[in-house]
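Just so you know, these numbers come straight off a predicted model, no measurement behind them. Just so we're on the same page: letters track the sequence lines, and every chain starts at 1.
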Amino acid sequence: MDKNKIIELKDITMNYEGEPVLRGINLDIHDKEFVTLLGPSGCGKTTTLRIVGGFLTPDSGDVLFGGKRVNDVPPYKRPVNTVFQKYALFPHLNVYENVAFGLRLKKTPETEVARRVGEMLELVDLKGFDKRSVNQLSGGQQQRIAIARALINNPKVLLLDEPLGALDLKLRKEMQIELKKIQQRMEITFIYVTHDQEEALTMSDTVVVMKDGTIQQIGTPQDIYNEPRNAFVADFIGESNILPGIMHKDYLVEFAGNNFECVDKGFSPMEPVDVVIRPEDIQLVPASDEVLNGVVENVQFKGVHYEIIVRAYSDTWVIHSTRAPEVGSIVGITLTPEDIHIMKKSDVKKVNYFKSESEAEASDIEQQI
Amino acid sequence: MKKISSKIYIFLVFLFLYAPIFVLIANSFNASKSRTVWTGFTLDWYVKLFNNEVILKSLLNTLIVAAIASVVSTILGTAAAIGIYKMKKIFRSLIINITYIPIMNSEMVTGVSLMLLFVALHIDLGYFTLLCAHITFCVPYVILNVLPKLRQMNRSLYDAALDLGCNPWQAFRHVVIPEIMPGIVTGFLMSLTYSIDDFTISYFTHGSTSQTLPITIYSMTRRKVSPEVNALSAIIFVVVLVILLIMNLSDIRRSKPRKKVKKGGTAE
């Protein structure tokens, strides 16, 4: 696997107006890999992408392309192309000329330009749109043109900066599938930036979870979801109950006023820890003295399941179940040892993983750096 | 009732605006030198006008100065606007306010101070000083027209051009310039018209051989209003009118297809 490392980031740090944006990023990206940089706004994911693209020079650390240091190589000499957040199509050119832009700069013969533009428009399913003005296109169509315009230069790596952020949910889902298809058909590397955890899990071979300018975890979507390394990752990827606990000894943890068997070890005795439990892993049973009991505070229908808020001991639990208990009733909670994930105590508080408007603004600011 | 009174009001407004000009045009065809008596139709004044060397010479001066001044100030102003756009915030607002000063400032003050400057530098008043003065007051108009276009431009466009293989100069030529072109054109046209039109500043900075048309007309009317001036003014008015019509028509033609887009273009 190491042989086909295409991009390496080594100890990258970056400051913006005295504020650290990246604090020591180490990341290897392999050939034909779909890598997603995932994190909340301000985590440095767009900055990382812009460093790879050559729009920013890191304060320290090295960017290597195929083993060669490229810190000072300008964007127009790098074998990568970018799909920008707001597409950045050239409004004064029509669809054909937008896609042909890169080839024209290389003085490609007209017949070849025509052939390759035709191929690209076919790839993104916009055949026959050649003469249209880009302002005439919908968001989804503009997105496809932006992808075609980047791919026509045969980049080794395509960088995508929240490319689906401006699309509505249904179109976003369609484009996710399409992007993955394009990546597989072209057999090139994609580096994809998003704050949408579902998007990251759907498309990626490798997910890089970032926070505050550091990498929290690198792994396959399955790894990240099933084996989150810390409470932040657990909370950011999917929903989680994060409860304060104490590790009594290997395989025994105390939380919510009870001792539970677990599968984790290697903590010092009586170490305070975070206990992470996925809402769908919790079993609701009739209340009894054998199990942890709690009062149902709220029940919401979510389509596939009910989201049930239970107050047990001094904690609030989020539980997903296909059956809805009555609000105010007392229920029992059971867990198997495999469902209990023990994490080293971190200062991470609850993360808001729902997109908000301030999120979009913050990433705009990040982009302007 | 309301409709009629508003129509009368508009009629009066236009009457006040255009009556003097029509009187002037009518007088340019009046055989009599008097401005009050109509003694018959003639084209004599036009013939005399085109035989008047002083007027023709100053017309040529005006056009040459306006052409050079507006081209130079368009280049300088566009470059300045780009520089200002890239500046840090504090400097940017400072420089923008400084560029407003020549526009807000009394032309009289600008003219006198430019003249004093040229005299202090021992530069003889003539073509060169006139040109410098015109460029000075035209540059701010270009800056103030180009700057908003730069601000409207999507910042990623420049990055996108670099990304697709442009070096900075190519990115500027192929992407930035087309984006800010409307601002450049407006700035150029404003410079051109202000330069042709300018009297006050030219008055202080021209030399004996570099009289512009407004100055010649002014010195002709000082003795008495020669009907030749009427003829000249009539021609200038018609030329401006035609240019305005052409610009408006091309604007209408350009904005028409855009409207169609809005109707049918948003559906996916």
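Residues Pro178(B) and Phe90(A) are not in side-chain contact: their nearest non-hydrogen atoms beyond the backbone lie 4.5 Å or more apart. In this structure, Ser156(B) and Lys86(A) have side chains that are not in contact, with every pair of non-hydrogen atoms separated by 4.5 Å or more.
Shown here is Ile90(B), whose CD1 atom has no more than 12 heavy atoms of other residues, nucleotides or ligands within 6.0 Å.
Between Leu164(B) and Ala150(A) the shortest heavy-atom distance is CD2-CA, 4.3 Å. Nearest heavy-atom pair across Asn154(B) and Ala88(A) is ND2-CA, 3.9 Å.
Neither the backbone nor the side chain of Pro74(A) comes within contact range of chain B; no heavy atom of the residue lies under 4.5 Å from a heavy atom of that chain. Only the side chain of Asn153(A) comes within less than 4.5 Å of a heavy atom in chain B; its backbone stays farther off. When heavy atoms are compared at a cutoff of 4.5 Å, Arg149(A) approaches chain B by way of both its backbone and its side chain. At a 4.5 Å heavy-atom cutoff, Ile152(A) makes no contact with chain B through either its backbone or its side chain.
Look at Arg78(A) and Asp163(B) and you find no salt bridge, because none of the NZ, NE, NH1 or NH2 atoms lies under 4.0 Å from a carboxylate O.
A distance-only check finds no donor-acceptor pair linking the side chain of His92(A) to the backbone of Ile177(B) [under 3.5 Å].
To the nearest 0.5 Å, the span separating NE2 on His174(B) from CZ on Phe101(A) amounts to 6.0 Å.
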